[in-house]
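For ligands, and for the atoms within them, numbers begin at 1 and follow the listed sequence.
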Amino acid sequence: MTSIKTSFPWISNPLIINAPMADNAGGLLAATVTLAGGFGLIGTKVDMSITRRELNIAKDTFAAHPSTPHSQSSTLNIGVGFLPFVLKLDDALAVVKEFKPAVVWLFAAKQFDDYAVWAKAVREVSPKSQIWVQAGSVASALQIAEQTKPDALCLQGADAGGHGFEKGSGIISLLPETADAFEAAGFRDVALLASGGIMDGRGVAAAMSLGAAGVVMGTRFLASKEALVHPMVQASILEAKDGGQITTRSKLFDQLSGPNIWPEVYDGRSLVVKSHKEYVEGVSLEEIQKKHKEALKEEDLGWKTGLEGRAAIWAGTGVGLAKEVDSASEIVETVRNEARKRLSLAAKF
Ligand SMILES: Cc1cc2nc3c(=O)[nH]c(=O)nc-3n(C[C@H](O)[C@H](O)[C@H](O)COP(=O)(O)O)c2cc1C
């Protein structure tokens, strides 16, 4: 935590970070989270004109708060999440050079070695940008720490919404085992963050007790006013209950639009939408893809409530704890206060 807190003094403990959700986490969400004393991240895919648009929105949001440190800072006090397996390094570098984000977040490289190449190049064009990498196993975390030397490593548990390691464990075992392995290997400068299923102050307190320096929350921020999210997706998130039953991990979700382009180690967690139900019932992939293609032409783009849609709705197992849409600043403040209370109660045992 020391390195993160020293570099980003506006952060209030415990550190709450919104996940860089491509298509869903834009500049307004990221800047609002940072302004609330957390750390905001923008998600990106391959179209860097969208990334630039969202970075400019974050810049404008900070400029509208001239009394904060963010309007004067030499770095843009949010991070940008890149997916190296699908994006050209040069395209990402041009954005990093132009905007100097405080953090460059990397997730889903073709091979774990690639992170080191990306980190070196990012450090050359923007030496002040921290490198944060997300991974889902002890072995990959050790490899990335050794080769890439990230400032932070986010351990993503199997409960996480969206893409993650197909084979995984929850953070309750992943985080301490990785922390022990890092201690033994002498990697003491890498801050460990936790993600996957964290929805409220109780989850944050649990992660902090496990030794996390901060938490990354995706699904909870899908139910925020600032998220860029289709109303049907947000309504589906709010109505979902019993996350271990209503969500599932599968590679099917990456095959709905055609061949799966994700590296082998990844699959994704989505609500159990109609496409998945039919897949389990034995309907052919070809037929499912055909129906999915048709559904995308509908007004709701294939998303429906009641698990009736055909398109994936990425969400973590904590989805049943998302009960209302709040502003991102309220989420950060409420979750932080609740976590503090929980931690001080736990200290009395
Ligand atoms: C809708 C959605 C989209 C996501 N997109 C990305 C992404 O573009 N890049 C990334 O690094 N992680 C992405 N993730 C994964 C998050 O980084 C994080 O691991 C996850 O949200 C944590 O679990 P939670 O959703 O239970 O909080 C996404 C997650 C969700 C729910």
Side-chain angles (χ1 to χ4, degrees), residues 16-26 29-30 33 38-47 50-51 54 79-87 92 103-109 115 118 131-136 144 150 152-165 168 170-171 174-175 193-200 202-204 206-207 212 214-224 227-230 232-234 236-237 240 243-244 246-249 253-254 262-263 266-271 273 303 311-322 331 335:
I16 291 164
I17 301 158
N18 78 271
M21 299 175 282
D23 297 335
N24 300 127
L29 174 62
V33 169
F39 192 91
L41 292 164
I42 288 179
T44 69
K45 276 185 183 158
V46 286
D47 184 347
I50 299 176
T51 309
E54 294 304 324
V80 187
F82 295 117
L83 299 168
F85 84 94
V86 80
L87 178 65
V103 164
V104 169
W105 164 288
L106 304 174
F107 175 61
Y115 293 124
W118 276 63
I131 305 286
W132 295 1
V133 183
Q134 181 169 244
I144 294 163
L153 207 143
C154 180
L155 294 161
Q156 186 196 35
D159 292 298
H163 289 90
F165 279 39
I171 57 159
L174 180 60
L175 200 130
L193 306 172
S195 70
I198 301 169
M199 298 294 287
D200 59 20
R202 293 169 291 185
V204 175
V215 302
V216 177
M217 291 161 54
T219 304
R220 180 63 188 96
F221 283 104
L222 280 180
S224 71
L228 305 169
V229 54
H230 192 282
M232 209 57 91
V233 171
Q234 208 167 47
S236 302
I237 297 289
I246 209 168
T247 72
T248 192
R249 303 201 72 90
F253 303 119
D254 291 317
W262 280 76
Y266 299 97
D267 66 1
R269 184 180 287 282
S270 156
L271 295 187
V273 294
W303 288 310
I313 296 183
W314 306 114
T317 60
V319 68
L321 292 161
I331 295 175
V335 170

Student: Please confirm whether Trp314 comes within less than 3.5 Å of ligand 1 when only nitrogen or oxygen atoms on both sides are compared.
Tutor: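 Looking only at distances, the answer is no, because the N/O contact criterion of under 3.5 Å is not met.
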Student: Heavy-atom contacts with Leu83 under 4.0 Å: which atoms of ligand 1 show up? List them by number with element.
Tutor: 9 (N)
Student: Under a heavy-atom criterion of less than 4.0 Å, does Ser195 contact ligand 1?
Tutor: yes
Student: Please enumerate all residues that pass ring pair (Phe, Tyr, Trp, His ring centres under 6.0 Å) together with Trp118, with sequence neighbours excluded.
Tutor: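 None.
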Student: Between Thr219 and Val319, is there a donor-acceptor pair closer than 3.5 Å when you use the side chain of the first and the backbone of the second?
Tutor: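 No; zero donor-acceptor contacts below 3.5 Å.
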Student: Which ligand 1 atoms, with their elements, are less than 4.0 angstrom from a heavy-atom of Met217?
Tutor: 27 (O)
Student: Using the rule ring pair (Phe, Tyr, Trp, His ring centres under 6.0 Å), only one of Trp262, Phe253, Phe85, Phe107 pairs with His163; which is it?
Tutor: Trp262
Student: Under a 4.0 angstrom heavy-atom cut-off, which atoms of ligand 1 come close to Gly197?
Tutor: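 In order of number, 23 (O), 24 (P), 26 (O).
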Student: Can you name the residues that form a salt bridge (charged side-chain N to carboxylate O under 4.0 Å, His left out) with Arg220, not counting sequence neighbours?
Tutor: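 Partners of Arg220 under the salt bridge (charged side-chain N to carboxylate O under 4.0 Å, His left out) test: Asp326.
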Student: Which of the atoms of ligand 1 are close to Phe107, meaning less than 4.0 Å from one of its heavy atoms?
Tutor: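 The atoms of ligand 1 under 4.0 Å from a heavy atom of Phe107 are 10 (C), 11 (O), 12 (N).
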Student: I want to know if ligand 1 touches Thr219 in the polar sense, i.e. an N/O pair below 3.5 angstrom.
Tutor: yes
Student: Near Asn24, which atoms of ligand 1 are under 4.0 Å from a heavy atom of that residue?
Tutor: 1 (C)
